[in-house]
Amino acid sequence: MIRNTRVATHLVTVVEQAAEAGFADERFAGESLREARRSYALWQRCLAESRRDLS
């Protein structure tokens, strides 16, 4: 469960940083979106692993 929390926290942080920057820097915005997608995919895998572990 700790891993899920860390990944979710990272995902939220990436999105918040991108929002704070206002996507004014196109390169930063693109990198932020790619990182958010990777983090979301990792979070989904963590959730799937947790479900498998609990069953």
Side-chain angles (χ1 to χ4, degrees):
M1 213 50 155
I2 292 172
R3 182 177 181 202
N4 291 355
T5 302
R6 287 183 181 166
V7 172
T9 300
H10 176 69
L11 176 57
V12 170
T13 300
V14 168
V15 172
E16 286 175 342
Q17 288 174 345
E20 285 175 13
F23 293 101
D25 181 341
E26 187 175 325
R27 184 171 152 225
F28 176 76
E31 290 173 8
S32 296
L33 288 173
R34 284 188 291 280
E35 180 62 23
R37 286 185 189 115
R38 285 191 297 267
S39 297
Y40 181 73
L42 178 58
W43 183 63
Q44 291 293 328
R45 288 192 303 271
C46 288
L47 290 177
E49 287 177 14
S50 293
R51 283 187 211 112
R52 277 195 306 270
D53 292 344
L54 293 174
S55 53

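From a predicted model like this one, the values you see are computed outputs, not experimental measurements. Atoms considered below: every heavy atom in the structure, side chains included; atoms not considered: hydrogens, waters and symmetry mates.
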Under 4.0 Å between a side-chain nitrogen and a carboxylate oxygen: does that hold for E49 and R45?
no
I need the single residue from V12, L11, T9, T13 that forms a side chain to side chain contact (heavy atoms under 4.5 Å, CB included) with S39. Which is it?
L11
Hey, quick one: are W43 and V15 part of the same hydrophobic cluster, counting side-chain heavy atoms closer than 4.5 Å, chains of contacts allowed?
yes
Among all residues two or more places apart in sequence or in another chain, which pass the salt bridge (Lys or Arg N to Asp or Glu O under 4.0 Å) test with R38?
E35
First locate atom CD of E31, then atom CG of L33, and finally report the distance between them rounded to the nearest 0.5 Å.
10.5 Å
Are F28 and V14 linked, directly or through intermediate hydrophobic residues, by side-chain heavy-atom contacts shorter than 4.5 Å (ILVMFWY only)?
no
